[in-house]
**Q** 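Got a structure here, written out as structure tokens. Questions coming.
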Amino acid sequence: MPELPEVETVARDLRRAHLPGQTFTGVHLFWARTVACPDETSFRARLTGQTVETVTRRGKFLRLDLSGAETLLIHLRMTGRLYLAPASEAAMPHLRLSFDLGDGRQLRFHDMRKFGRVYLTADPDSILGKLGPEPLDETFRVDDLQNLLAGRKMMLKPLLLDQRFIAGIGNIYADEALFLAGLHPQRHANTLSPDEGAALFHALRRVLTLALENRGTTLDDYRTVTGKPGENQDSLLVFRQTGQPCPRCGRPIERLVVGGRGTHICPHCQPPGEGG
DNA sequence: AGTTTAACCTCGATGC
DNA sequence: TGCATCGA
DNA sequence: GTTAAAC
């Protein structure tokens with residue numbers, strides 16, 4: 001499940017592989033719904049001949065700014081992958097969309113479950129503008145998170161997964177951060193003390209930074225642009241560690257469902273609050 | 001309003 | 001082995 | 001992972 005560290009790793013890999021500077025010379029669409037907008041005809045027409053200027057990330061979106069004042073946004077959802085390959089190389093299964101590049105390579109979008117989406121728009125802010133703050137941005141401070149938490153009575157876990165609240169957090173890093181902060185996922189945000197809010201802030205930073213250094217977490221499908229798995233899976237403390245001893249107190253990790261998502265906690269280190 | 005369920009899809013693991 | 005179910 | 005519909 002590509003979250004902030006995984007998407008950031010892909011963005012960096014694409015830059016390192018010199019995608020910026022390349023021109024799109026052709027488009028091949030194998031699963032129509034992969035292109036969310038515009039329609040296939042104008043997608044192809046508006047993209048062909050354009051040059052990639054920058055490759056960046058916002059939340060879980062990959063952002064390619066193009067020469068003609070247009071932007072290509074790519075969201076990998078659950079199983080999306082991006083590869084760069086010579087056009088001569090045989091296609092792997094689940095290829096949904098590919099772009100011919102001017103140097104003979106292709107940018108290929110694979111997606112087993114077909115949930116991934118690509119948007120071509122002259123107004124990327126109409127999509128990205130809904131996202132909450134970037135948790136690793138230097139301008140995002142402890143008191144920012146504390147203020148955001150104070151105004152919400154939602155449970156912590158669904159709130160962390162809400163991209164309008166904070167951008168880039170998914171199931172893995174929500175569970176990991178809540179464990180590090182010693183907070184139960186069903187605690188309500190506006191019941192946190194200032195210290196608990198600060199703990200969550202630092203836990204998020206730590207978890208995301210470590211995962212980024214490890215080039216992402218590969219549990220199922222995530223791969224880097226070179227096809228290699230990430231290395232953060234060995235650093236997970238609670239996610240999918242049901243029954244394993246808590247690294248802090250040794251009691252078995254438990255799995256529960258919160259907001260429809262599988263959730264992993266140490267029931268001793270993350271006690272439920274009053275009325276939680 | 002807040003929370004859960006279902007939908008979108010395919011596939012591997014699990015169980016009978 | 002084959003088929004249904006479950007969950008990612 | 002995201003979104004819309006249903007408690």
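Just so it is clear: chains get the letters A, B, ... in the order the sequence lines come, proteins before strands, and each one is counted from 1. As a basis for the values below, the full set of heavy atoms in this structure was taken, side chains included, without hydrogen atoms, waters or symmetry mates. None of the values given here were measured: they were computed from a predicted structure.
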**Q** How close or far is atom P of dA1(B) from atom CG of Asn190(A), stated in whole angstroms?
**A**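 After rounding, the reported distance stands at 16 Å.
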**Q** So, is Arg255(A) near the phosphate of dA8(C), with a side-chain N or O under 4.0 Å from OP1 or OP2?
**A**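 So the side-chain polar atoms of Arg255(A) do come within 4.0 Å of the phosphate oxygens OP1 or OP2 of dA8(C), strictly under.
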**Q** Does a side-chain N or O of Lys153(A) approach OP1 or OP2 of dA1(B) to a distance below 4.0 Å, or not?
**A** no
**Q** Look at the side chain of Arg261(A) and decide which nucleotide, out of dT2(D), dT3(B), dC9(B), has an atom nearest to it.
**A**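 Nearest nucleotide to the side chain: dT2(D).
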**Q** Could you state the atom-to-atom distance from CZ of Arg96(A) to C1' of dC9(B) in whole Å?
**A**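 Taking atom C1' of dC9(B) as the reference, CZ of Arg96(A) is at 8 Å.
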**Q** Glu3(A) has a side chain; which of dG1(D), dC9(B), dT10(B) sits nearest to it?
**A**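 Nucleotide nearest to Glu3(A)'s side chain: dG1(D).
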**Q** Figure out the CZ/P separation between Arg113(A) and dA6(B), and round it to whole Å.
**A** 16 Å
**Q** Rounded to the nearest 0.5 Å, how far apart are CD of Gln50(A) and CG of Asp65(A)?
**A** 10.5 Å
**Q** Does this structure show an ion pair linking Arg105(A) with Asp103(A), if we count only N-O contacts that are shorter than 4.0 Å?
**A** yes
**Q** Counting side-chain heavy atoms from C-beta on, which of dT2(D), dC9(B), dC11(B) comes nearest to Lys114(A)?
**A** dC9(B)
**Q** Salt-bridge test for Glu196(A) and Arg187(A): reply yes if a basic N is under 4.0 Å from a carboxylate O, no otherwise.
**A** yes
**Q** In whole Å, what is the span from the CZ atom of Arg81(A) to the P atom of dC11(B)?
**A**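 So the CZ-P distance, Arg81(A) to dC11(B), works out to 12 Å.
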**Q** From dA1(B), dA8(C), dC11(B), pick the nucleotide closest to the side chain of Asp220(A)?
**A**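 Selected nucleotide (nearest to the side chain): dA8(C).
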**Q** Under 3.5 Å, side chain of Asp100(A) to main-chain N/O of Thr25(A), donor-acceptor pair present?
**A** no
**Q** Does a nitrogen or oxygen in the side chain of His75(A) sit under 4.0 Å from OP1 or OP2 of dG1(D)?
**A**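 No, no such contact exists.
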**Q** Could Arg16(A) and Asp13(A) be called an ion pair, given the rule that one side-chain N must be under 4.0 Å from one carboxylate O?
**A** yes
**Q** Please state how far atom CZ in Phe239(A) lies from atom P in dG7(C), giving the value in whole angstrom units.
**A** 14 Å
**Q** Answer with base, sugar-phosphate or nothing: what part of the nucleic acid does Asn171(A) contact at a heavy-atom distance below 4.0 Å?
**A**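 Sugar-phosphate only.
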**Q** Among dG1(D), dG2(B), dT3(B), which nucleotide has an atom closest to any side-chain atom of Met154(A)?
**A** dT3(B)
**Q** With a 4.0 Å cut-off on heavy atoms, is Met1(A) in touch with a base, just the backbone sugar-phosphate, or nothing at all?
**A** sugar-phosphate
**Q** Answer yes or no: is there a donor N or O on one side and an acceptor on the other, between the side chain of Asn171(A) and the main chain of Gly262(A), under 3.5 Å?
**A** yes
**Q** Within the structure, does a side-chain N or O atom of His94(A) lie under 4.0 Å from either OP1 or OP2 of dC11(B)?
**A** yes
**Q** In this structure, how many angstroms lie between the P atom of dG1(D) and the CG atom of Leu161(A), rounded?
**A** 7 Å
**Q** Please give, in whole Å, the distance from dG2(B) P to Gln186(A) CD?
**A** 16 Å
**Q** Taking only the side-chain nitrogens and oxygens of Lys60(A), find out if one of them lies under 4.0 Å from OP1 or OP2 of dT2(D).
**A**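 The answer is yes; a side-chain N or O of Lys60(A) sits under 4.0 Å from OP1 or OP2.
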**Q** Distance between the C1' atoms of dT5(B) and dC6(C), in whole angstroms?
**A** 15 Å
**Q** What nucleic acid atoms does Gly170(A) come within less than 4.0 Å of, heavy atoms only: base, sugar-phosphate, or nothing?
**A** sugar-phosphate
**Q** Does OP1 or OP2 of dT2(D) have a side-chain N or O of Gln163(A) closer than 4.0 Å?
**A** yes
**Q** Do Phe201(A) and Phe140(A) have their ring centres less than 6.0 Å from each other?
**A** yes
**Q** Picking from dT3(B), dC9(B), dA8(C), which would you name as closest to the side chain of His188(A)?
**A**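 Closest of the options to the side chain of His188(A): dT3(B).
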**Q** Which nucleotide in the list dG1(D), dG7(C), dT10(B) gets nearest to the side chain of Met78(A)?
**A**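 Per side-chain heavy atoms of Met78(A), the pick is dG1(D).
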**Q** For the pair made of CG in Leu76(A) and P in dT2(D), what is the distance, rounded to whole Å?
**A** 11 Å
**Q** Using a cut-off of 4.0 Å on non-hydrogen atoms, how would the nucleic acid contact of Arg33(A) be classed: base, sugar-phosphate, or nothing?
**A** sugar-phosphate
**Q** Has Phe115(A) got its ring stacked on the base of dC9(B), with centres under 5.5 Å and planes less than 30° apart?
**A** no
